[in-house]
Amino acid sequence: MKKIRRRTPDMDYEKRTLREGVIDTETTIDSYEKKELKARAAYFLLNGVPEFAVNAQDGGRFKLLAAERDFFAAKIAGVTEFSVRVYRFSEKSAETFSLIEKLKTENLSTMEEAYVMKRLVKDHKLTQDDVAALIGKSRPAVANTLRLLTLAPEVVGLVESGRLSAGHARTLVKVPKEKQLAFAEEALKRGYSVREMERAVKAFLTPPEVLQQEKQAKAAAKSEELKALVERMRGVYRTKVTLIGNDKKGRIYIDYYSPEDLYRFEEFLDVLEQHF
């Protein structure tokens, strides 16, 4: 197993209880939807308030490292003292820790996750393996999220607005950028599922002669299945069985040459009726 390259800050901390007045935040309460904060506050009243992570500052103050939405919701719920883990990070280490905590604990959209991951990789020099291990996800999951940032800006905008799902968007990664928006708009127009969009992208990227070969191979495989079915019926009915048609529609002829043949077919029907 590949080891994580330790570029993350020292995780030693001290548990304390702090008054809300000494805790500073990056944003303000006005940055969040009031209705969402009130709903979260009601949840805390019933289930208790979580522990927060802060970084010690000069002058006896502390900087909240993550979960600002929950912090403001707790204040709405009437909380004035908070259980915290106090870290003593440098400014850069504090930022690294904060980004990791956002990915682990906050309900980010897929595109928000992508932007945070990109900052960890580009600005904080973590590898995709590092990020995956630190937030408890697989490396392919991290890589797939980061790939969304390689899409055309218009497609990224559709994902950010919620009109196009991240799953749909990922299918477009291999499509030339100048064609991605057209694919996305067609998917929205036709109501494609992710699987349908994958097929459309594959058809676009695959040369016609290859598609024809795949179609012929698929038809041949189905033909072999039908032949096998006819052979099984011949063995069971012990008479001539003929099939005309394909895997979608057709006719099956069962020949008989004596009353004994008919009697045997009737016995088969009796067995079937007992089970169905």
Side-chain angles (χ1 to χ4, degrees), residues 2 99-100 102-104 106-230 243-251:
K2 188 173 181 179
L99 293 173
I100 294 168
K102 283 180 183 293
L103 290 171
K104 289 171 61 177
E106 297 188 14
N107 188 28
L108 303 178
S109 69
T110 304
M111 289 309 306
E112 287 172 333
E113 287 186 343
Y115 290 125
V116 173
M117 289 177 184
K118 183 179 179 180
R119 288 180 62 188
L120 286 170
V121 171
K122 183 178 180 181
D123 300 336
H124 297 263
K125 310 304 179 186
L126 296 183
T127 67
Q128 292 183 15
D129 288 305
D130 294 336
V131 175
L134 289 166
I135 66 175
K137 289 188 176 182
S138 67
R139 185 194 177 283
V142 172
N144 285 335
T145 300
L146 285 169
R147 285 192 187 102
L148 293 173
L149 298 178
T150 68
L151 294 169
E154 298 86 353
V155 177
V156 172
L158 290 175
V159 179
E160 289 177 331
S161 67
R163 293 186 60 203
L164 189 72
S165 77
H168 285 84
R170 287 190 189 98
T171 68
L172 299 175
V173 169
K174 295 182 180 180
V175 175
K177 280 193 175 182
E178 63 272 16
K179 302 288 186 181
Q180 290 176 357
L181 180 59
F183 262 98
E185 290 177 338
E186 186 71 7
L188 293 172
K189 179 181 176 181
R190 295 179 178 272
Y192 281 165
S193 66
V194 173
R195 185 62 58 84
E196 288 171 332
M197 196 156 176
E198 287 174 344
R199 286 197 290 265
V201 169
K202 180 181 179 182
F204 173 76
L205 295 175
T206 306
E209 59 273 16
V210 175
L211 286 176
Q212 183 63 26
Q213 290 172 2
E214 291 180 352
K215 184 177 180 181
Q216 291 173 349
K218 189 175 181 181
K222 289 182 177 179
S223 178
E224 290 300 320
E225 291 176 0
L226 287 175
K227 288 180 182 178
L229 173 62
V230 170
L243 182 145
I244 299 176
N246 53 39
D247 63 299
K248 293 183 178 179
K249 63 179 181 179
R251 291 185 178 90

*Asks:* Are side-chain heavy atoms of Thr171 and Lys202 found at a separation under 4.5 Å?
*Replies:* no
*Asks:* Under the rule for side-chain contact (heavy atoms from CB on, under 4.5 Å), what residues qualify as partners of Lys174, not counting sequence neighbours?
*Replies:* Leu205
*Asks:* Between Glu112 and Ser109, is there a donor-acceptor pair closer than 3.5 Å when you use the side chain of the first and the backbone of the second?
*Replies:* yes
*Asks:* List in chain and number order the residues that pass side-chain contact (heavy atoms from CB on, under 4.5 Å) with Ala182, two or more places apart in sequence or in another chain; answer none if no residue qualifies.
*Replies:* none
*Asks:* Restricting to side-chain contact (heavy atoms from CB on, under 4.5 Å), what partner residues turn up for Arg190, sequence neighbours left out?
*Replies:* Glu186, Tyr192
*Asks:* Under 3.5 Å, side-chain donor or acceptor atoms of residues 114-123 against the rest of the protein: list the pairs with distances, not counting sequence neighbours.
*Replies:*
from	atom 1	to	atom 2	distance (Å)
Tyr115	OH	Glu160	OE2	2.7
Arg119	NH2	Glu95	OE2	2.4

*Asks:* Mind checking whether Arg147 and Asn144 have side chains closer than 4.5 Å, heavy atoms only?
*Replies:* yes
*Asks:* According to ring pair (Phe, Tyr, Trp, His ring centres under 6.0 Å), does anything in residues 130-169 pair up with another residue at least two apart or in another chain? List the pairs.
*Replies:*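 Not a single pair qualifies under ring pair (Phe, Tyr, Trp, His ring centres under 6.0 Å).
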*Asks:* Determine, for Glu198 against Arg170, whether the closest basic-nitrogen to carboxylate-oxygen distance falls under 4.0 angstrom.
*Replies:* no
*Asks:* Can a donor-acceptor pair be found, under 3.5 Å and without considering hydrogens, that links the side chain of Glu154 to the backbone of Leu181?
*Replies:* no
*Asks:* Check side-chain contact (heavy atoms from CB on, under 4.5 Å) between Arg251 and all other residues, then give those that pass, not counting sequence neighbours.
*Replies:* Tyr253
*Asks:* Compare every heavy atom of Ala184 with every heavy atom of Val155, then report the nearest pair and how far apart it is.
*Replies:* CG2-CB, 4.5 Å
